[in-house]
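Because only heavy atoms are used, hydrogens play no part in the values below, and waters and symmetry mates are left out as well, while side chains stay in.
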Amino acid sequence: MNIGEQAAEHFRQSAAASGANPPDAARAETDSATLDPLWGEHGLFAEALPGWRERPGQRHLAGAVERAMAERGILLAEAGTGTGKTLAYLVPALLRGERVIVSTATRALQDQLFRKDLPLAREVLGVQLRAAVLKGRTNYVCHYRLKRTESEGLLDSRRAVQELRRVALFAGTSGDGDLSALGGLDEKSPVIPLVTSTRDNCLGSDCPDYRACFVMKARREAMAADVVIINHHLFFANVALRDEGVAELLPSATTVVLDEAHQLSDIGAQFLGSSVGTAQALELARDVLACGWQLARGLADWQGLSSRLQKVARDQRLIAPAGTHRLDWAQAQTLGGWAGGLNHWQEELTGLLAALDPFEALAPEFTRLIERCREQQALLAAWQRDATPSPEHTESAATPPQDMVRWLEVGSHSLRLLATPLGVGPAFSALLAQRPQAWVLVSATLTLDGGFRYTRARLGLNEGSAALAAVEGGVQPRLRELRVASPFDYARQTRLLVPRTGFHPADTEHSLRVAALAARLVAVNPGGSFVLTTTLRAIGRIASRLRELLPPNRVVLEQSSESKPVLLQRFAANPEAVLVGSHSFWEGVDFPGEQLTLVVIDKLPFAPPDDPLVAARIKRLEAAGRSGFMDYSLPQAALALQQGAGRLIRSESDWGVLAVCDQRLAGTAWGHRLLASLQPFARVESVDEAAAFLLAHATGVPAAAAANAVAQNPAATGNGAVAFED
């Protein structure tokens, strides 16, 4: 019996032994002796990875995954930070030798799985299964659009021209056309939309470069692979649209693993609704001009048609207030000129349709342009239609149903009109009920108050759900739950600072006080520091104040000054840097060891109550007699807080301080619920105690001596004194 067969047998024994479905892995008995050849301190992974540590929770999670696969069940698993959840689901999946789809939250995590975790697992297990990674269209170079952009010669900057040349060279040598492999290309580069395709502008089999298409090549490789790695955006795009390459894969897979499952509800809502925006109109206008000049030059006023559509789109954006914000449907109607602007937009689309119609038979490009015009018209009309239907009104495919909320997302240079479902539960539950596949939903943050009730409700997995029916011929419930505690010693490795007074988010000087607290801790911190904010507005105030308080050698990085990848690279290159960032830095960022030893959170991460989606969801709960705060806002904040706190400790040797600058966390009953949702940090209430913990690690002196040093010089920051009250 080879190692793969031995390990598979071990998993079968472990899965059979774990039938009690314990609520916490710490209370489960596992036969570790049978699994030691694989997971133990002298096992195969220990031989392959120096510093490997045996983690009983990892073994138990792997056994639960194997059982879900064998029973074609649903596993909802919370695996605390450091469990090693990736290998825990990859190993049983590889050993079964059946087709498995793994979906994760971001493209970066896809690349990590495909290039690091999966090759390691395959090598250790000695299995030769084929693997593929599949991303959305906009990640791959489109030969047709690249050639067209090169021929147009319309790029308006030297940098854009240089980036286009780099993309062209890359496309000629790359085997897969995945732009993530092209280093130095900003993910927000204006060239990317010009050299990639979307569902709107892809010509499909009518494209002259169809045979060489990187997207189609990636799909073919995915269809032939045993393990396919996708992301949640692609997963839900296929659930909603069924044309992004995964629709064919889902029925053929015996197991679907949804990693980072805490993001499923929010990402799913983006794709199960609809949207239309000024960016789509501008792209349509550019494509009309390019196709007209290339295929029917002189036969219509292509420049005028394109310019007029671009103008109405830009004018519509100017109707909305400056800045970035969200408005609900009713607020949008009060904007001066809003309805008239939408009517003008529709008129230009109608005129464009009339101009394009004579050329439809000329080339497939014109057919696709006509389809895009009609789709934009339908979406605009549906969004603008009065929210209160008349008695004779019936919903059509282009009409947002009543469980959707219509809202307006305003960006710096664009806006989008969206219709978003209030929840994804019905659609997600229906998907899981369609086939008796195994579904593994895993994340470090899925529970509140020790249970999965909130997550089940969001995903439509409550009692009575069609997805939870027993597998045909079986007697066991289809859904099982598992909590695996983190193996880290938080009481020894960490300190959690929660000031009891002086830090109420409603105070006008709150951001400055956060900066003062952060500066005092940064001054004695030997490693890197994060300051995580809940709003974009706070970033500038805190970063500016930190630069005043800290010595010049402390690099303060600020979100929006550069792209996220560049900021993270600069942070990693400066051992004592401070990074001030908002939402995108709360999760999916991993800096072990002294790269990150201090995390300061400015306030509890409650979603803004005036956000259209939040307001609509709370209103629905309260209409049903429930509490919008307790049943929506508080659980959302708890999960977000867990993610932010999770940036600090990434291994058994890590250490550091987490400071949450919100006195409500310590002074309210619901705040104690949020505290209980965190890992068991060692609590402190004074800045001196937190600073002493950092100083002890920085200097290697005993804790008592560090505390004495802080007490004698409590406000020194290296650039003058900081007035501060605990």
Side-chain angles (χ1 to χ4, degrees), residues 23 25 57-58 61-62 64-65 67-69 73-90 92-93 100-110 112-113 117 228-239 246 250 253 255-272 423-433 437-448 450-462 465 467-468 478-486 586-588 635-636 638-644 646 677:
Q58 186 178 44
L61 176 58
V65 171
R67 178 169 186 169
M69 292 177 177
I74 301 170
L75 175 64
L76 200 56
E78 179 177 84
T81 305
T83 299
K85 61 181 172 66
T86 304
L87 288 177
Y89 63 69
L90 282 179
V100 58
I101 295 175
V102 179
S103 179
T104 191
T106 65
R107 290 169 294 185
L109 291 174
Q110 273 185 278
Q112 178 179 315
L113 269 166
D117 301 323
V228 185
I229 300 172
I230 63 174
N231 59 62
H232 297 340
H233 292 81
L234 186 59
F235 175 81
F236 279 109
N238 281 272
V239 172
V246 181
L250 284 177
T255 299
V256 180
V257 178
L258 300 172
D259 199 349
E260 302 296 321
H262 64 281
Q263 293 199 28
L264 288 173
S265 183
D266 290 337
I267 293 177
Q270 298 176 33
F271 288 91
L272 297 179
V424 303
F428 187 74
S429 178
L431 175 67
L432 269 60
Q437 295 167 302
W439 294 82
V440 177
L441 286 68
V442 60
S443 171
T445 53
L446 287 178
T447 66
L448 182 66
F452 291 89
R453 182 179 64 86
Y454 178 67
T455 296
R456 289 200 312 268
R458 296 186 80 196
L459 297 178
L461 299 178
N462 283 326
S465 165
L468 303 191
R478 193 180 181 201
L479 174 67
R480 297 182 183 276
E481 298 171 354
L482 176 70
R483 292 183 67 211
V484 178
S486 170
W586 280 68
E587 56 182 290
Q636 287 282 86
L639 295 178
L641 184 62
Q642 291 174 40
Q643 284 292 328
S677 73

Quick one: OG on S429 to CG on N462, what's the gap to the nearest 0.5 Å?
-> 9.0 Å
Could D117 and K85 be called an ion pair, given the rule that one side-chain N must be under 4.0 Å from one carboxylate O?
-> no
Enter the distance from L75:CG to R478:CZ here, rounded to the nearest 0.5 Å.
-> 12.0 Å
Would you find a donor on one side and an acceptor on the other, under 3.5 Å apart, between the side chain of T83 and the backbone of G80?
-> yes
Write down the atom of A444, the atom of Q642, and the distance for their closest heavy-atom approach.
-> O-OE1, 4.3 Å
What are the two closest non-hydrogen atoms of Y89 and L113, and how far apart are they?
-> OH-CD2, 3.7 Å
L479 versus F452: any side-chain heavy-atom pair under 4.5 Å?
-> no
Return the set of residues passing side-chain contact (heavy atoms from CB on, under 4.5 Å) with A105 (not counting sequence neighbours), or none when no residue passes.
-> L109, H232, E260, Q263
What are the two closest heavy atoms between R458 and V424, and how far apart are they?
-> O-CG2, 3.9 Å
Set of side-chain contact (heavy atoms from CB on, under 4.5 Å) partners for T455, sequence neighbours left out = L76, L446, L459
Pairwise side-chain contact, F235 with I101, heavy-atom cut-off 4.5 Å (strictly under) = no
Approximate separation, where rounding is to 0.5 Å, of I267 CD1 and L234 CG = 11.5 Å
Taking only residues two or more places apart in sequence, or in another chain, which ones meet H262 in a side-chain hydrogen bond (donor to acceptor under 3.5 Å, both in side chains)?
-> S443, E587, Q643
Output yes when a side-chain donor or acceptor of Q437 lies under 3.5 Å from a complementary backbone atom of L250, and no otherwise.
-> yes
Heavy-atom nearest pair, A438 first then A68, reads CB-O, 3.4 Å
Between F236 and F428, what is the ring plane arrangement, given parallel below 30°, perpendicular above 60°, and tilted in between?
-> tilted
Kindly give the heavy-atom pair with the smallest separation between T447 and E78, and that separation in Å.
-> N-OE2, 2.8 Å
Residues, nucleotides or ligands: over 12 heavy atoms within 6.0 Å of R107 CZ = no
Between the CG atom in L432 and the CG atom in L441, the distance rounded to the nearest 0.5 Å is 7.0 Å
Looking only at non-hydrogen atoms, find the nearest pair between A62 and P92 and report the distance.
-> O-CG, 3.8 Å
Value rounded to 0.5 Å, distance of CG in N231 from OG in S103 | 6.0 Å
Output yes when a side-chain donor or acceptor of S677 lies under 3.5 Å from a complementary backbone atom of L448, and no otherwise.
-> no
Which distance, rounded to the nearest 0.5 Å, do you find between the OG of S265 and the CG of L639?
-> 10.5 Å
Say whether, by atom type as modelled, one donor and one acceptor occur between the side chain of Q110 and the main chain of I229 under 3.5 angstrom.
-> yes
